[in-house]
Amino acid sequence: MPKLKSKWVCQQCGFQSPAFLGRCTDCGSWNSLVEEIIRETAPNGRPGERLAAQRAEKQGAINGSSGPVALKDVKKEDYERFSLGLSSVDEVLGGGIVPGSVVLLAGDPGIGKSTLLLQIAKSLEAKRSLLYVSAEESAAQVGLRASRLGIAGDQLYIDTQQDVLLVCEHIQAKLPGLIIIDSIQAVYHPDIGSAPGSVSQVRQAAEEIINCARLNNIAAVIVGHINKEGVIAGPKVLEHMVDVVLQFEGDKSRQFRILRALKNRFGSTSEIALFSMNETGLNEVNQAGAFFLGDHLSKVNNGEQLGAGTAIVAYNEGNQALFLEVQALVGPTVYSSPRRVANGWDYNRLLQIIAVLEKKIGLSLARHDVYVNVVGGLDFNNPAGDLGVSTAITTSFYEKSVPANLFMVGEIGLTGEIRPVAGLAKILKEASRLGFKQAVIPTSNLKESAGENINLSASKLEINGVESLQEALNKIIVEQQTGTPKQSEKQGALYG
Ligand code: TYD
Ligand code: MG
């Protein structure tokens, strides 16, 4: 009988303790420790042992011995990147995938991870063989989806094995050009007693696959589902182990999907890829600036007004300037303490903006609920949106509207000053292409010291530099009102 040993593992951070603790001493989460049984020694003849023997043999064959290798002896073809066939995914990876590297593709269940990987398989299949480990779906289910996506599948092998040691044996036998593990939560390591998906299982299974991929110099993509707290299950441990972490996100009720790199050992994390999901799978979106504005773009071009509580903001997501609609709803509260709700926007940043609006603009929000929503389901946590959020809150409070062809960019400091944002020149260029007419931006971005050469005379936009929140809201709201201002506004009562 193998010796059994148990330990208590935090399912949030992977911290291990020999005894039960109500609260993890490492990450502080409550009731997150689960008992996991570990077998100390693998029984004879199990795949684990066979694999270890194969590995030792392979290691010897590669290096002549298992000792160090001279850098000049490392072959170029062993680290030359190859394309995954979807140009935007290649860009996010930094110019293709590196052989022997391991990519974690993380995202909510149902967001389209399997679809994306099958499409990669489709574009790769003429060039290299592929092992698709489908631990969640049967071969028939994958086949059904593959036929919908028009995949011939000559070089695509489906493996429905869930035992990670057997998966590694299959990899070693087939030596495919790319391995896909869908998903890491559905495979298990037979020597770990806990259920698939637990931290120990995820870590051990991932380690096995990573070793196997490195040793055979095969690139691997591992799918990881995100749990409801927004962390990758088996969470931080996995992020440290892999070379690249890609996050696939979007609003499931809408078509758009965004792929971004959170970590990349072989490239920058500044590129993003945008897709739209339809009945034929995911389509790459080029010229993405106005993607999230949807029908609003026609309002921009027709010079229409936006509804009260709506503002258009711009920011740089990687190397792409994106335009978004931010909405706010402000109304008297019926609760003892007013509600503040932020969707797609950082909650603490919302509280900070409300505090600045109260103190510097005199907006009295203490007895008002404030709801903020970023349209499109994007997680837009970029300080460049501060000015847009303040505008939306203020216009909702006063029931004012602003023109659709006006957008704003700017971070708000605690003293109400408008701070510069990075990469404004790109935003302005994209704005004129999309047909915007007016921009409200930080004055400090126009100074030479900002390091950006913004050519005001050449721009088709009317560019307004602002230094404070007061000045910005005057420009955006008061000066935009058509018709005769009401008496109260004339007296400057707009701001309290
Ligand atoms: P899937 O790739 O199974 O998600 P994940 O692997 O991240 O859990 O995607 C599932 C969703 O994608 C499903 O709700 C339907 C949608 N979908 C389409 O809209 N069009 C398609 O062609 C395919 C294959 C899926
Ligand atoms: Mg899936």
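All ligand and atom numbering here is 1-based and tracks the order in the structure. Quick caveat, the model's predicted, so the values are computed rather than measured.
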Where is the nearest protein heavy atom to [atom]: which residue, which atom, and how far?
atom	value
atom 21 (C) of ligand 1	R148 NH2, 3.1 Å
atom 18 (C) of ligand 1	M277 SD, 3.4 Å
atom 20 (N) of ligand 1	N278 O, 2.7 Å
atom 4 (O) of ligand 1	G112 N, 3.1 Å
atom 1 (P) of ligand 1	R145 NH1, 3.3 Å

request  = May I ask whether atom 23 (C) of ligand 1 is less than 4.0 Å from at least one protein heavy atom?
outcome  =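 Protein heavy atom within 4.0 Å of atom 23 (C) of ligand 1: present.
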
ask   = Is the closest protein non-hydrogen atom to atom 13 (C) of ligand 1 under 4.0 Å?
value =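 Protein heavy atom within 4.0 Å of atom 13 (C) of ligand 1: absent.
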
message = Measuring from atom 10 (C) of ligand 1, which candidate in S114, G281, G110 has the nearest non-hydrogen atom?
response = G110

task = Determine, considering heavy atoms only, which of V223, D108, T115, D182 sits nearest to atom 9 (O) of ligand 1.
result =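 Looking at heavy atoms only, T115 sits closest to atom 9 (O) of ligand 1.
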
ask   = Any side-chain donor-acceptor pair under 3.5 Å between T333 and D369?
value =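 Yes, D369 and T333 have a side-chain donor paired with an acceptor closer than 3.5 Å.
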
query = Any side-chain donor paired with an acceptor under 3.5 Å for H189 and E208?
reply =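 Per modelled atom types, H189 and E208 side chains form a pair under 3.5 Å.
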
query = Closer than 4.0 angstrom: is that true for some heavy atom of P109 and an atom of ligand 1?
reply = yes

message = Tell me whether ligand 1 is touched by L117 - counting only heavy atoms on the residue side and a distance under 4.0 Å.
response =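 Under 4.0 Å: no for L117.
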
message = Strictly under 2.8 Å, is the Mg ion (ligand 2) approached by any N, O or S atom of S183?
response = no

Quiz item: cation-pi between K127 and F82, 6.0 Å / 45° =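 Not satisfied by the 6.0 Å and 45° rule.
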
task = Describe, in one word, how the ring planes of F248 and F275 are oriented to each other, choosing from parallel (under 30°), tilted (30 to 60°) and perpendicular (over 60°).
result =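 Perpendicular: the ring planes of F248 and F275 meet at over 60°.
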
key: Plane angle bin for Y315 and F380 - parallel if under 30°, tilted between 30 and 60°, otherwise perpendicular   = tilted

request  = Would you confirm whether K113, through its side chain, and G107, through its main-chain N or O, come within 3.5 Å as a donor-acceptor pair?
outcome  =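 Looks like yes, one N/O pair under 3.5 Å.
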
For [X] and [Y], work out which heavy atoms get closest and say how close.
X	Y	value
V300	L434	CG1-O, 4.3 Å
P18	W8	O-CD1, 3.7 Å
L118	I151	O-CD1, 3.2 Å

inquiry  = Quick check on contacts: which atoms of ligand 1 are under 4.0 angstrom from a heavy atom of T280?
reply    = 22 (O)

